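For clarity, every value in this text was computed on a predicted model and none was experimentally measured.
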Amino acid sequence: QVQLVESGGGLVQAGGSLRLSCAASGRTFSSYAMGWFRQAPGKERECVAAISRSGGRTDYADSVKGRFTTSRDDAKNTVYLQMNSVKDEDTAVYYCAASQWTYSGIPSQFNYWGQGTQVTVSS
């Protein structure tokens with residue numbers, strides 16, 4: 001059982017930066033692969049970043065590659081999403097999720113989800 005609590009969302013100007021945090025509680029946090037998803041109005045939920053259990057592998061959606069970076073600190077039970085050079089298209093609700101069994105970008109593969117945090121990019 002893992003509980004996830006997100007923070008760091010808010011309003012940011014286009015071209016600016018924002019860092020989202022996902023604090024986890026529960027047993028064996030290091031056993032879970034983690035993902036960041038976002039959902040904008042009228043669009044499907046999409047995976048923007050994923051990080052392996054060890055933290056040695058990360059993957060990004062083409063739309064954010066080169067701008068977003070995810071990392072994890074198992075000692076602090078926290079996963080981060082660093083968002084740089086944000087664009088209007090990045091406006092969405094962002095979710096942190098944990099997967100016990102798989103490393104993927106498929107929402108149904110993730111067992112636990114945070115509450116979501118709104119990120120709004122202003123032009």
Side-chain angles (χ1 to χ4, degrees):
Q1 182 67 235
V2 174
Q3 296 80 46
L4 306 174
V5 179
E6 297 155 337
S7 62
L11 180 66
V12 59
Q13 290 183 321
S17 298
L18 199 66
R19 189 178 77 163
L20 306 183
S21 298
C22 175
S25 62
R27 61 188 298 270
T28 59
F29 170 75
S30 62
S31 297
Y32 295 84
M34 304 295 295
W36 288 97
F37 294 78
R38 69 184 182 187
Q39 187 164 22
K43 294 185 177 180
E44 296 182 351
R45 186 170 298 187
E46 62 174 341
C47 184
V48 297
I51 186 167
S52 65
R53 294 169 178 82
S54 67
R57 177 180 176 179
T58 56
D59 291 278
Y60 302 93
D62 289 340
S63 58
V64 306
K65 192 172 298 182
R67 300 187 296 116
F68 290 9
T69 303
T70 188
S71 60
R72 66 189 298 162
D73 187 340
D74 289 346
K76 297 181 178 179
N77 291 337
T78 302
V79 181
Y80 304 97
L81 183 68
Q82 180 67 45
M83 306 168 61
N84 296 329
S85 302
V86 297
K87 305 175 180 178
D88 290 342
E89 305 87 78
D90 296 324
T91 294
V93 177
Y94 284 73
Y95 300 89
C96 176
S99 175
Q100 182 178 358
W101 301 296
T102 63
Y103 178 84
S104 74
I106 304 172
S108 62
Q109 300 279 352
F110 287 79
N111 308 97
Y112 308 102
W113 293 81
Q115 79 284 358
T117 184
Q118 177 71 46
V119 173
T120 302
V121 180
S122 61
S123 301

Donor-acceptor pair, S99 side chain versus Q109 backbone, under 3.5 Å?
-> yes
Before giving the answer on side chain to side chain contact (heavy atoms under 4.5 Å, CB included), spell out for S30 and R53 the whole-Å C-alpha distance, their side-chain angles and the decisive distance to 0.1 Å.
-> CA-CA 6 Å; S30 62; R53 294 169 178 82; over 6 Å; no
Please lay out, stage by stage, how S17 and V86 fare under the test side chain to side chain contact (heavy atoms under 4.5 Å, CB included).
-> CA-CA 6 Å; S17 298; V86 297; over 6 Å; no
Output, in order, the C-alpha distance, side-chain angles, deciding distance and verdict of side chain to side chain contact (heavy atoms under 4.5 Å, CB included) for Y60 and T70.
-> CA-CA 9 Å; Y60 302 93; T70 188; 3.7 Å; yes
Interatomic distance, CZ@R72 vs SG@C22, rounded to 0.5 Å, equals 10.0 Å
Assess whether side chain to side chain contact (heavy atoms under 4.5 Å, CB included) is satisfied between L18 and V119, documenting all intermediate values.
-> CA-CA 9 Å; L18 199 66; V119 173; 3.9 Å; yes
Between D74 and K76, is there a side-chain N and carboxylate O pair less than 4.0 Å apart?
-> no
Side-chain heavy atoms under 4.5 angstrom apart, residues restricted to Ile, Leu, Val, Met, Phe, Trp, Tyr: same cluster for F110 and Y32?
-> no
Side-chain cluster (under 4.5 Å, hydrophobic types only) that Y80 belongs to, other residues | none
In Å, rounded to the nearest 0.5 Å, how long is the span from CE of M34 to OG of S52?
-> 12.0 Å
Heavy-atom check, side chain of L81 versus side chain of F68, under 4.5 Å | yes
When the side chains of residues 89-96 are checked against the rest of the protein, which donor-acceptor pairs come out under 3.5 Å, sequence neighbours left out?
| from | atom 1 | to | atom 2 | distance (Å) |
| --- | --- | --- | --- | --- |
| D90 | OD1 | R38 | NH1 | 2.9 |
| D90 | OD1 | R67 | NH2 | 3.1 |
| D90 | OD2 | R67 | NH1 | 2.8 |
| D90 | OD2 | K87 | N | 2.8 |
| T91 | OG1 | D88 | O | 3.2 |
| T91 | OG1 | V121 | N | 2.9 |
| Y94 | OH | R38 | NH1 | 3.0 |
| Y94 | OH | D90 | O | 2.7 |

In this structure, are over 12 heavy atoms from other groups packed under 6.0 Å from Q100 atom CD?
-> yes
In the single-linkage hydrophobic clustering (I, L, V, M, F, W, Y; side-chain heavy atoms under 4.5 Å), do Y103 and V48 co-cluster?
-> no
Value rounded to 0.5 Å, distance of CG in N84 from CZ in R19 = 11.5 Å
Is a donor on one side and an acceptor on the other found under 3.5 Å between the side chain of T117 and the backbone of E6?
-> no
Provide the closest heavy-atom pair for G105 versus C47 in the form atom of the first, atom of the second, distance.
-> O-CB, 3.4 Å
Counting only heavy atoms not in Q115, do more than 12 fall under 6.0 Å of its CD?
-> yes
S54 side chain to G56 main-chain N or O, any donor-acceptor pair under 3.5 Å?
-> yes
Is there a path from L20 to V12 through hydrophobic residues (I, L, V, M, F, W, Y) whose side chains come within less than 4.5 Å of each other?
-> yes
Kindly state whether the ring of F37 and the ring of W113 have centres lying under 6.0 angstrom apart.
-> yes
Could you tell me the separation between the OG atom of S104 and the CG atom of D59, rounded to the nearest 0.5 Å?
-> 10.5 Å
Interatomic distance, OG@S122 vs CG@L11, rounded to 0.5 Å, equals 4.5 Å
Is a side-chain donor-acceptor pair under 3.5 Å present for S25 with Q3?
-> yes
